[in-house]
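A quick write-up on the structure given underneath.
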Amino acid sequence: MSRIQPPKGFRDLMPDDFKAREYLKRIISETYEQYGYQPIDTPVVENVDVLEGKGGGENEKLMFKVLKRGNKLSKAIGAQDWARLADMGLRFDLTVPFARFVAAHLNELPPVFKRYHIAPVWRADRPQFGRFREFVQCDVDVIGSDSMMAEADVICATATCLKRIGFGEGLTLRINNRPLAPLLLGAMGLPENLLGEGCRLVDKLDKLGIGGVCEELQKTGASGETAQNLSAFYKSTEAANSEGRIAAMREAVSGEDADALIGRIEEILDLCEGVAEIDIVFDPFLVRGMDYYTGPIFEITHPDVGFSLAGGGRYDRLVGMFCGNRDIPATGFSIGFERILVLMKERGMLPENQSGIDVVVCADGTGVSGRALIAAGETLRAKKLKVDVALTGGTVGKTMQLAQKRSAAFGVILRAGDPDNAEVRELDTRRSETMSIGAAAETIAGKLLV
RNA sequence: GUGAGUGUAGCUUAGUCGGUUAAAGCGCCAGAUUGUGGAUCUGGAGAUCGGGGGUUCGAGUCCCCUCAUUCACCCCA
């Protein structure tokens, strides 16, 4: 009985689901194109060495790998070389494959390349609310610009997307500069060897609370003083706005590096001020999981939702991993397509009549030739109407009922003995009129396709 | 990968301390009636209670295993 369900974490899509997804994709792609981003695609599989060791964090562990085939598989098994059973893997995000793409096509691409990519990715984690093993990601990235204008560009574009989707109010973009996080912790007294773990804990602040983070921090070996410093810093900046937090940050962290890193945040805030369609706030406790971030990072949250709707950041060294380690500036933003879709469904933000047709053609009783029905359908379609011809019997009433469920506005009913004319029935009002098929096409097209 | 919960008709669920033939709503099908396809009424089909094993005179109910699923953690979109 359960054999016929798709594998765990994977989904079949019914027409309504599919149309809803197309609707959302369309808003996003149209918006990104308006900002000058170009669509690309890459293979769903990459060589494992492309996907591994590139700072994808935990995601690498969740990779679906593709087993080698034939002799190579036998050889690997024979050698008990378990690490090399697979030679390819399904991509677990769009950023790492994009970095490879850029490296591979560096001399074909313009100096600054802006692309968007809407495509499925796969992760072998346990499915949960709003989380799947196969899900769509929507990434925008700018390659080749180390200006904070690139950040402002992806932020504005993404904010506009979310606004057009229908999340006008309540969205907040939190921003930090990733290298600032270990600097802050260091300034609080955390020893260098604990900085990595410390950053990971700070990232969980929204779940653990400041108390929880400090507690966990001490379990890793941090001193009570460090924990107290951190807690005090958090509490003193919690209620502050970006300006206040930046001031506190400057006080806590000194040095040219820190100044420059904070300066970049200020630049972005300044560029977006009054322009981006979203509230932006500096959050010194934002970290994010990927290890490849080298600069400003950001996340968009909604007060009613426990997870972030979009996230991204700068990764100046990732592309270089595929082409001689030279830095190629890059920054990007990823929209949580699936999560947004779940929210839209819950809140009725999806348009009605997504799987609708305009007209259903059927026969009243037997005696109408199939050919007449098919021909009538074609005549109506010539007027650009979406037409479904009833392919099996059934009463007119039943057919019309089903038609209306599919949001058809009109029924066209052919009768035996009167092959040239048809009854045109308006399904809402149930008024009908008999006319030639040609006239029916004209009339319906006139009413529906204004 | 770790932990908890839930599996009864197509869907949502009820089912007492273990006790006769497992119940209802929605949906579906047929008929009646009205004003048609909607509304109302009548009738009908549809469940080996996720699967396997055990305890018992007797299991939907208790125990074990398994599968599926949901949630939380991890991590993240």
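Side chains included, hydrogens not; waters and symmetry mates left out as well; all remaining heavy atoms used.
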Discussion item. Please confirm whether the ring centroid of A:Phe285 lies under 6.0 Å from the ring centroid of A:Tyr234.
Written reply: yes

Worksheet entry | Side chain of A:Arg131 - closest among B:rC76, B:rG3, B:rC75 | B:rC75

Practice prompt. Kindly say whether the aromatic ring centers of A:Phe298 and A:Phe333 come within a distance under 6.0 Å.
Written response: yes

Discussion item. Considering every strand and a 4.0 Å limit on heavy-atom distances, what is the contact class for A:Thr399: base, sugar-phosphate, or nothing?
Written reply: nothing

Practice prompt. Would you indicate whether A:Arg317, at its atom CZ, is surrounded by more than 12 heavy atoms from other residues, nucleotides or ligands within a distance under 6.0 Å?
Written response: no

Worksheet item: Would you say B:rA77 has OP1 or OP2 under 4.0 Å from some side-chain N or O of A:Arg288?
Response: yes

Worksheet, complete the sentence: note: A:Gln128, atom CD; B:rG5, atom C1'; distance rounded to Å ~ 13 Å

Worksheet item: Using a cut-off of 4.0 Å on non-hydrogen atoms, how would the nucleic acid contact of A:Gly311 be classed: base, sugar-phosphate, or nothing?
Response: nothing

Worksheet item: Counting just side-chain N and O atoms, does A:Lys204 come under 4.0 Å of either OP1 or OP2 of B:rC73?
Response: no

Worksheet entry | N/O donor-acceptor pair, side chain A:Arg126 with base B:rU70, under 3.5 angstrom | no

Item to complete: Rounded off to whole Å, could you give me the CD1-to-P distance for the A:Ile297 and B:rA77 pair?
Response: 11 Å

Discussion item. Does B:rA68 have OP1 or OP2 under 4.0 Å away from a side-chain N or O of A:Lys8?
Written reply: no

Worksheet item: Quantified in whole Å, what is the C1' atom distance between nucleotide B:rG60 and nucleotide B:rU42?
Response: 31 Å

Discussion item. Testing the 3.5 Å rule here: is there a donor-acceptor pair between the side chains of A:Asp316 and A:Tyr292?
Written reply: no

Worksheet, complete the sentence: Here the distance between atom C1' of B:rC76 and atom OH of A:Tyr292, to the nearest Å, is 11 Å

Worksheet item: Just checking A:Arg425: base, sugar-phosphate only, or nothing, at a heavy-atom cut-off of under 4.0 Å?
Response: base

Worksheet item: What is the distance from CZ of A:Arg11 to C1' of B:rU70, rounded to the nearest Å?
Response: 16 Å

Discussion item. In this structure, how many angstroms lie between the C1' atom of B:rC71 and the CZ atom of A:Phe132, rounded?
Written reply: 14 Å

Worksheet item: Between A:Glu216 (CD) and B:rC73 (P), how many Å, whole number?
Response: 14 Å

Item to complete: Measure the distance from CZ on A:Arg133 to C1' on B:rA77 and round it to the nearest whole Å.
Response: 16 Å

Practice prompt. Hunt down the Watson-Crick or G-U wobble partner of B:rC28, both distances under 3.5 Å, from any strand shown, or write none.
Written response: B:rG44

Practice prompt. Look at A:Lys207 and B:rC76 and indicate whether a side-chain polar atom (N or O) is within less than 4.0 Å of OP1 or OP2.
Written response: no

Fill in: Ring-on-base stacking B:rA77 with A:Phe337 (under 5.5 Å, under 30°)
no

Fill in: Spacing of A:Phe98 atom CZ relative to B:rA77 atom P, expressed in whole Å
17 Å

Worksheet item: Which part of the nucleic acid does A:Leu427 contact within heavy-atom distance under 4.0 Å: base, sugar-phosphate only, or nothing?
Response: base

Worksheet item: Does the side chain of A:Arg91 come under 3.5 Å of the side chain of A:Thr42 through a donor N or O and an acceptor N or O?
Response: yes

